[in-house]
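What follows is a short report on a single structure.
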Amino acid sequence: MKGLFGVARRGGIQGGMSYGSTDELGYNAVDPIVTVHDLHATMLHLLGINHLRLTFRFQSRDFRLTDVSGNVVDEILA
């Protein structure tokens, strides 16, 4: 997992905080690692959508945007 920097304002995210850390080069995420599925689950939660029930059909099979591993990151919510 590579390190990622992002800025979020308002919309239910705590202001002025940093979450997680990277290695000494700023390249790899160290602790805690937030996956893309976790990020999607958190954004859907802020929009009021249950990420566990949101599915789309592809080739006669239901898929979730957050796959089977997405979890809401409660620590960054206001």
### Task
If a pair satisfies side-chain hydrogen bond (donor to acceptor under 3.5 Å, both in side chains) and one of its residues is in residues 47-58, list it, with sequence neighbours excluded.
His51-Thr66, Arg57-Asp62
### Query
Can you check whether Tyr27's main-chain N or O pairs, donor with acceptor, with Thr22's side chain at less than 3.5 Å?
no
### Query
With clusters built from Ile, Leu, Val, Met, Phe, Trp and Tyr whose side-chain heavy atoms come within less than 4.5 Å, directly or transitively, what are the remaining members of the cluster of Leu44, listed by chain and number?
Leu47, Ile49, Leu54, Leu65
### Task
Would you give the length of the straight line joining atom CD1 of Ile33 to atom OG of Ser21, rounded to the nearest 0.5 angstrom?
9.0 Å
### Summary
When rounded to the nearest 0.5 Å, the distance separating OG1 of Thr42 from CG of Leu46 is 7.0 Å
### Query
Which hydrophobic side chains are connected to Phe63, either touching it within the sub-4.5 Å cutoff or through other members that do?
Phe56, Phe58
#### Entry: Qualifying salt bridge (charged side-chain N to carboxylate O under 4.0 Å, His left out) pairs with a residue from residues 37-46, counting only residues at least two apart or across chains
none
Would you be so kind as to tabulate the donor-acceptor pairs closer than 3.5 Å made by side chains of residues 70-78, with sequence neighbours excluded?
unit_1, atom_1, unit_2, atom_2, d
Glu75, OE1, Tyr19, OH, 3.3

